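Worksheet for the structure shown next.
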Amino acid sequence: MGRRVFNFDAELELKDAGLVAASAAAQADDAAKIIDLGVGRFEGIVVFDLTAVEIASNNELYTALVQGSSSATFASDVQNLAQLDFGATEVRLGSAIDSLIGRYELAFTNEQKDLQYRYLRLWTVVAGSIATGINYTAFVSRGWRF
């Protein structure tokens with residue numbers, strides 16, 4: 001089975017290439033990236049292309065949080081919509097295997113508990129003995145059905 005192909009729209013890019021070694025909002029073009037999904041329910045997939053992940057100390061954990069908000073600046077009303085972790089087996093949820101470089105997909109919707117969150121961002125939580133960190137790009141692809 002071949003690799004799924006996703007349409008890339010620069011307006012839906014959440015993170016461009018760059019090392020992440022501390023917890024922070026994802027950036028694109030050297031600025032924290034917030035996407036306006038518009039009014040209504042949005043279903044999509046965040047596509048991660050992981051190019052480097054430091055796990056030398058076996059305690060490194062990187063959690064990518066897809067977050068929504070009704071605030072265009074994320075000053076309030078922040079909700080975690082979906083999450084995906086990368087890192088060493090010793091600290092990954094459920095003792096998942098060491099993360100490897102490659103493509104990962106994370107389905108999400110901007111609706112939780114009958115509330116829709118118009119604005120979207122990606123936040124990376126970094127934990128452990130970090131020397132270099134993690135490097136990945138991420139973008140949203142519209143719509144998904146299983």
Side-chain angles (χ1 to χ4, degrees), residues 1-37 42-113 115 117-146:
M1 184 175 243
R3 182 171 159 168
R4 288 180 58 182
V5 176
F6 295 94
N7 291 327
F8 175 79
D9 179 343
E11 295 297 317
L12 296 176
E13 181 180 37
L14 286 167
K15 183 185 176 312
D16 56 17
L19 192 66
V20 179
S23 299
Q27 294 190 345
D29 300 322
D30 296 319
K33 182 66 183 258
I34 297 173
I35 296 173
D36 182 350
L37 298 175
F42 184 96
E43 297 173 343
I45 295 176
V46 177
V47 179
F48 296 86
D49 285 312
L50 186 63
T51 57
V53 57
E54 174 202 353
I55 56 171
S57 298
N58 294 327
N59 68 0
E60 300 90 347
L61 182 65
Y62 313 90
T63 306
L65 301 172
V66 178
Q67 295 184 316
S69 179
S70 59
S71 166
T73 63
F74 274 76
S76 63
D77 195 28
V78 177
Q79 176 64 278
N80 293 336
L81 303 173
Q83 73 180 45
L84 182 61
D85 67 22
F86 304 101
T89 296
E90 292 80 359
V91 292
R92 286 191 70 204
L93 297 174
S95 300
I97 63 171
D98 287 346
S99 295
L100 304 173
I101 61 172
R103 177 160 280 185
Y104 295 81
E105 302 169 17
L106 179 61
F108 77 96
T109 178
N110 70 329
E111 184 174 278
Q112 299 290 324
K113 196 180 163 208
L115 298 174
Y117 297 92
R118 179 176 181 153
Y119 302 97
L120 188 78
R121 75 175 178 187
L122 190 60
W123 185 276
T124 307
V125 178
V126 177
S129 303
I130 307 302
T132 57
I134 188 171
N135 198 333
Y136 67 91
T137 60
F139 66 92
V140 173
S141 182
R142 294 179 183 270
W144 55 272
R145 291 285 183 247
F146 297 104

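Being a predicted model, the structure only gives us computed values, none of them experimental.
- A 6.0 Å sphere centred on CD1 of Ile101 holds no more than 12 heavy atoms belonging to other residues, nucleotides or ligands.
- You'll find the side chain of Val125 stays beyond 4.5 Å of the side chain of Gln83, heavy atoms only.
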Leu19 vs Ile134, test: side-chain contact (heavy atoms from CB on, under 4.5 Å). Steps then yes/no. CA-CA 6 Å; Leu19 192 66; Ile134 188 171; 5.9 Å; no
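- When atom types are taken as modelled, the side chain of Ser69 and the backbone of Phe74 share no donor-acceptor pair closer than 3.5 angstrom.
- Using a distance-only test at 3.5 Å, with no hydrogens or angles considered, no donor-acceptor pair links the side chain of Arg103 to the main chain of Val47.
- Side-chain contact between Phe42 and Arg118: absent, with no pair of heavy atoms (C-beta onward) separated by less than 4.5 Å.
- Counted by atom type alone, Asp98 and Thr89 present one or more donor-acceptor pairs between their side chains at under 3.5 Å.
- Side-chain contact between Val126 and Ser23: present, with at least one pair of heavy atoms (C-beta onward) separated by less than 4.5 Å.
- Residue Asp36 qualifies as enclosed at atom CG: its count of foreign heavy atoms under 6.0 Å is above 12.
- From Glu111, atom CD reaches atom CD of Glu43 across 8.5 Å, with rounding to the nearest 0.5 Å.
- Taking CD of Gln79 as the reference point, atom CG of Leu65 lies at 11.0 Å (rounded to 0.5 Å).
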Determine, stepwise, if the pair Tyr104 / Phe86 fulfils ring pair (Phe, Tyr, Trp, His ring centres under 6.0 Å). CA-CA 10 Å; Tyr104 295 81; Phe86 304 101; 5.0 Å; yes
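- Side-chain contact check for Thr109 versus Leu81: every heavy-atom pair is 4.5 Å or farther apart.
- In this structure, Glu54 contributes its side chain and Thr132 its backbone to a donor-acceptor pair below 3.5 Å.
- Put simply, the side chain of Ile45 does not reach to within 4.5 Å of the side chain of Leu106, judged on heavy atoms.
- Scanning all heavy atoms of the two residues, the minimum distance from Ser57 to Ser129 falls at OG-CB, 3.9 Å.
- Annotation for Lys33 and Leu14: closest pair CB-O, 3.5 Å, computed over non-hydrogen atoms.
- Minimum interatomic distance between Tyr117 and Ser70 (heavy atoms only, all atoms of both residues): CD2-N, 4.1 Å.
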Assess the residue pair Thr63 and Thr124 against the criterion (side-chain contact (heavy atoms from CB on, under 4.5 Å)); give the C-alpha distance rounded to whole Å, side-chain angles, the decisive distance to 0.1 Å, and a yes or no. CA-CA 6 Å; Thr63 306; Thr124 307; over 6 Å; no
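- Of all the heavy atoms in Ser141 and Phe6, the pair that sits closest is OG-CD2, 3.5 Å.
- A cation-pi geometry, defined here as NZ or CZ lying under 6.0 Å from the six-membered ring centre and within 45° of its normal, holds between Lys15 and Tyr136.
- Here Glu90 contributes atom CD and Asn59 contributes atom CG; the two are 8.5 Å apart, rounded to the nearest 0.5 Å.
- Not one N or O on the side chain of Asp49 forms a donor-acceptor pair closer than 3.5 Å with the backbone of Thr137.
- Pairing each heavy atom of Asn58 with each of Glu60, the nearest pair is N-OE1, 3.1 Å.
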Run the side-chain contact (heavy atoms from CB on, under 4.5 Å) test on Val140 and Leu120 for me, step by step, so that the C-alpha distance in whole Å, both residues' side-chain angles and the decisive distance to 0.1 Å come before the verdict. CA-CA 10 Å; Val140 173; Leu120 188 78; 3.8 Å; yes
Kindly determine whether Ile130 and Tyr62 satisfy side-chain contact (heavy atoms from CB on, under 4.5 Å), including the steps that lead there. CA-CA 10 Å; Ile130 307 302; Tyr62 313 90; 3.5 Å; yes
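- To the nearest 0.5 Å, atom CD of residue Gln67 and atom CD1 of residue Ile34 are 10.0 Å apart.
- With hydrogens and angles ignored, the 3.5 Å screen pairs no side-chain donor or acceptor of Asn80 with any backbone N or O of Ala82.
- With Asp85 contributing its side chain and Leu93 its backbone, the two residues share a donor-acceptor pair below 3.5 Å.
- The CG atom of Leu84 sits 13.5 Å away from the CZ atom of Phe108 when rounded to the nearest 0.5 Å.
- Contact detail for Ser99 and Val53: the closest heavy-atom pair is O-CG1, 3.6 Å.
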